[in-house]
Participant: 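What follows is a single structure, and I will ask about it in a moment.
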Amino acid sequence: MTKRPASSLETGESLGGAEAPSKRKCSTESAGWESATPAGEVSTALDRAASGLALPSLVAVTPWISSEISSDLPPLPKILDPELEEVAFTHPGLGLVQNYERLEWLGDAYLELIASSLIYQTFGRTPSGRCSQLRELLIRNTTLAQYFRQYDMHLRAKLPSDLVKSGELGRGRSSDKDQLKTQGDMFEAYVAAVIVSDPQNGLANVVCWLKTLWGHTIRHKIVENEKLLSGLPPSNVKAAYLAPGARDLNAKDRLRAIVGAKGVSIRYEDIPGNSKHKDFGMPLFTVGVYLDGWGEKNKLLGTGTAMQKKEAGHKAATMALENKKLMKLYGAKKEAFQEALQEAARTAESVDEQGPAS
């Protein structure tokens, strides 16, 4: 599956929902497109699909909301052209004129565009590099092949004998990679066939379907993102221990607002490890948050693991905040300390007003 930047689309509404600046009509003849079947050749499903093919009307893509993601596998959208459906499941290794390659090429572009728009809409504070990692998780062959098998598409695939004989996946054979590639490609071809066979509603149906399907895969990421965007402290931390405006702070700042004070140190330090992300295979960083103060020395409050140290630090702070007992203890000590300072200040002020003793 080769990833390429998608070309700009000039008709309909954008995937973000805004109208395009113009709806300029373009002629396929002036662009050099051939729509007629050459003389002497039999019209095929792909020929008919490409004859006068119009770009589907683009649809608005709305952000993921975790509470709206159904726990059930979403129904598979239908390909309205039976011959085109057969082509989507035909492997090029069979040597037939029609196979899934052209549909796979088109479906690949649609999948990348739809995934990019969903991620852009949902993960508003996520850096572009991390967004690319999320997109790769959604459109990689391993993920698409899994969907392919969940919908029993493998029972409809027309494959060369060598792939048929290789059997099931998961036994560590060298042919597993070829099977995953084939299944991922056929899934992409199916996506394109749904869109091409129904110019009016095909794209909208695919977007709705993939939004739910992908939502299952990264639901935990969507939930984490919603917590980040909410800007609220964990429900088990008393508001009494938060300074005014602390609800708008990130995890590190909220922890400092509850525990921090003059002479109290909150440190974030790396914890050695060799773990890797289960999806991306990239190294993970683990960070611990430590407290020096309130009668503690080098007290570990929480740990966090992520692909970036900054994110790991925020996770460590979040873990500390979720420790209700500790937050109550240190919050009360800070409150008592501040009251003692205020009392000392009032005493000093009273002594100044009375003047020196005679």
Participant: Checking Glu188 against Tyr110: is there a side-chain donor and acceptor pair closer than 3.5 Å?
Facilitator: no
Participant: Is the shortest side-chain heavy-atom distance between Trp214 and Leu118 below 4.5 Å?
Facilitator: yes
Participant: Sub-3.5 Å donor-acceptor pair from the side chain of Lys299 to the main-chain atoms of Leu291, do we have one?
Facilitator: no
Participant: Are any of the side-chain nitrogens in Asp270 or Lys309 under 4.0 Å away from the carboxylate oxygens of its partner?
Facilitator: yes
Participant: For the pair Lys315 and Thr303, evaluate side chain to side chain contact (heavy atoms under 4.5 Å, CB included) and give the outcome as yes or no after the intermediate values.
Facilitator: CA-CA 7 Å; Lys315 286 187 174 182; Thr303 61; over 6 Å; no
Participant: If you round to the nearest 0.5 Å, how far is CD of Gln146 from CG of Leu180?
Facilitator: 10.5 Å
Participant: What is the distance from atom CG of Asp185 to atom NE2 of His91, rounded to the nearest 0.5 Å?
Facilitator: 7.5 Å
Participant: Would you check if the side chain of Asp292 reaches a backbone N or O of Asn298 as a donor-acceptor pair within less than 3.5 Å?
Facilitator: yes
Participant: Just how far is it from atom OG1 of Thr318 to atom NZ of Lys252, taken to the nearest 0.5 Å?
Facilitator: 10.5 Å
Participant: Do Phe123 and Ile222 come close enough that some side-chain heavy atom pair is under 4.5 Å?
Facilitator: yes
Participant: Under the 3.5 angstrom rule, does the side chain of Ser117 hit a backbone N or O of Ile114 as a donor-acceptor pair?
Facilitator: no
Participant: Verify, without hydrogens or angle tests, whether Glu269 (side chain) and Val287 (backbone) share a donor-acceptor contact under 3.5 angstrom.
Facilitator: no
Participant: Taking side-chain contact (heavy atoms from CB on, under 4.5 Å) as the test, write out the residues that go with Thr122, two or more places apart.
Facilitator: Pro63, Trp64, Asn225
Participant: Is it possible for you to say whether Leu80 and Met153 belong to one hydrophobic cluster, with membership spreading through side-chain heavy-atom contacts below 4.5 Å?
Facilitator: no
Participant: Hey, any chance Ile139 and Tyr120 share a hydrophobic cluster, counting ILVMFWY side chains that come within less than 4.5 Å of each other, even indirectly?
Facilitator: no
Participant: Kindly give the heavy-atom pair with the smallest separation between Ala189 and Ala88, and that separation in Å.
Facilitator: CB-O, 3.9 Å
Participant: Does the side chain of Arg254 reach to within under 4.5 Å of the side chain of Leu321, using non-hydrogen atoms?
Facilitator: yes
Participant: Check which hydrophobic residues are tied to Leu94 through side-chain heavy-atom contacts below 4.5 Å, counting indirect links as well, and list them.
Facilitator: Leu96
Participant: Just do the side chain to side chain contact (heavy atoms under 4.5 Å, CB included) check on Ile258 and Lys334 with the steps written out, would you?
Facilitator: CA-CA 8 Å; Ile258 296 171; Lys334 177 178 178 178; over 6 Å; no
Participant: Please determine whether residues Leu329 and Phe337 belong to a single hydrophobic cluster, defined as Ile, Leu, Val, Met, Phe, Trp and Tyr linked transitively by side-chain heavy-atom distances below 4.5 Å.
Facilitator: yes
Participant: Tyr151 vs Trp209 aromatic rings, parallel, tilted or perpendicular, using cut-offs 30° and 60°?
Facilitator: perpendicular
Participant: Only counting residues at least two apart or in another chain, list the ones meeting side-chain hydrogen bond (donor to acceptor under 3.5 Å, both in side chains) with Glu85.
Facilitator: Arg156
Participant: Taking the side chain as every heavy atom from C-beta outward, state whether Arg149 and Gln183 have any atom pair closer than 4.5 Å.
Facilitator: yes
Participant: Quick test of your reading of the model: are Lys181 and Asp178 salt-bridged, counting only N-O distances below 4.0 Å?
Facilitator: no
Participant: For residues Lys78 and Ser197, report the shortest heavy-atom separation together with the two atoms involved.
Facilitator: O-OG, 4.5 Å
Participant: Any side-chain heavy atom of Leu73 within less than 4.5 Å of one from Leu213?
Facilitator: yes
Participant: Starting at OG of Ser71, measure out to CZ of Arg219 and round the result to the nearest 0.5 Å.
Facilitator: 8.0 Å
Participant: In the hydrophobic clustering (ILVMFWY, side-chain contacts below 4.5 Å, transitive), which residues join Phe285, or is it alone?
Facilitator: none
Participant: Does the His216 side chain pair with the main chain of Ser70, one donor and one acceptor, at a distance under 3.5 Å?
Facilitator: yes
Participant: So, using ring-ring contact (aromatic ring centres under 6.0 Å, His included) as the criterion, who are the partners of His314 when residues are at least two apart?
Facilitator: none
Participant: Do the two ring centres, one from Phe187 and one from Phe148, sit under 6.0 Å apart?
Facilitator: no
Participant: Atom CG of Asn99 and atom CD of Glu101: how far apart are they, to the nearest 0.5 Å?
Facilitator: 4.5 Å
Participant: Would you say the side chain of Leu103 lies within less than 4.5 Å of the side chain of Leu84, judging by non-hydrogen atoms?
Facilitator: yes
Participant: Looking at every heavy atom in both Val59 and Ala204, which two are closest together, and how far apart are they?
Facilitator: CG1-CB, 3.6 Å
Participant: Indicate the atoms forming the closest heavy-atom contact of Ile266 with Arg256, along with that distance.
Facilitator: CD1-CA, 3.9 Å
Participant: Do Arg130 and Ile119 pass the side chain to side chain contact (heavy atoms under 4.5 Å, CB included) test, and can you show the C-alpha distance, the side-chain angles, and the key distance before you say yes or no?
Facilitator: CA-CA 10 Å; Arg130 177 62 170 154; Ile119 293 168; over 6 Å; no
Participant: Supply the members, apart from Tyr290, of the Ile/Leu/Val/Met/Phe/Trp/Tyr cluster built from side-chain contacts under 4.5 Å; use none for a lone residue.
Facilitator: Ile271, Leu300
Participant: What residue among Glu335, Glu296, Lys325 forms side chain to side chain donor-acceptor pair (under 3.5 Å) with Tyr330?
Facilitator: Glu296
Participant: With a 4.5 Å cut-off on side-chain heavy-atom distances among I, L, V, M, F, W and Y, is there a chain of contacts connecting Val259 to Met319?
Facilitator: no
Participant: Could you check whether any side-chain heavy atom of Asn323 comes within less than 4.5 Å of a side-chain heavy atom of Leu301, counting everything from C-beta outward?
Facilitator: no
Participant: Any chance the side chains of Thr286 and Thr305 put a donor and an acceptor closer than 3.5 Å?
Facilitator: yes
Participant: Of the non-hydrogen atoms in Glu226 and Ser66, which two are nearest, and what is the gap between them?
Facilitator: OE1-OG, 2.6 Å
Participant: Could you state whether Leu106 and Leu203 fall into the same hydrophobic cluster, counting links through intermediate Ile, Leu, Val, Met, Phe, Trp or Tyr residues with side-chain heavy atoms under 4.5 angstrom apart?
Facilitator: yes
Participant: Any side-chain donor-acceptor pair under 3.5 Å between Thr62 and Lys211?
Facilitator: yes
Participant: What heavy-atom pair brings Met327 and Ala320 nearest, and what distance separates the two atoms?
Facilitator: CE-O, 3.4 Å
Participant: Would you give the length of the straight line joining atom CG of Asn250 to atom CG of Leu228, rounded to the nearest 0.5 angstrom?
Facilitator: 9.0 Å
Participant: Between Thr143 and Leu138, does a side chain to side chain contact (heavy atoms under 4.5 Å, CB included) hold up when you go through it step by step?
Facilitator: CA-CA 6 Å; Thr143 302; Leu138 297 180; 5.6 Å; no
Participant: Short question: side chain of Asp152, backbone of Leu155 - any donor-acceptor pair under 3.5 Å?
Facilitator: no
Participant: Does Pro82 reach the side chain of Glu86, with side-chain heavy atoms less than 4.5 Å apart?
Facilitator: no
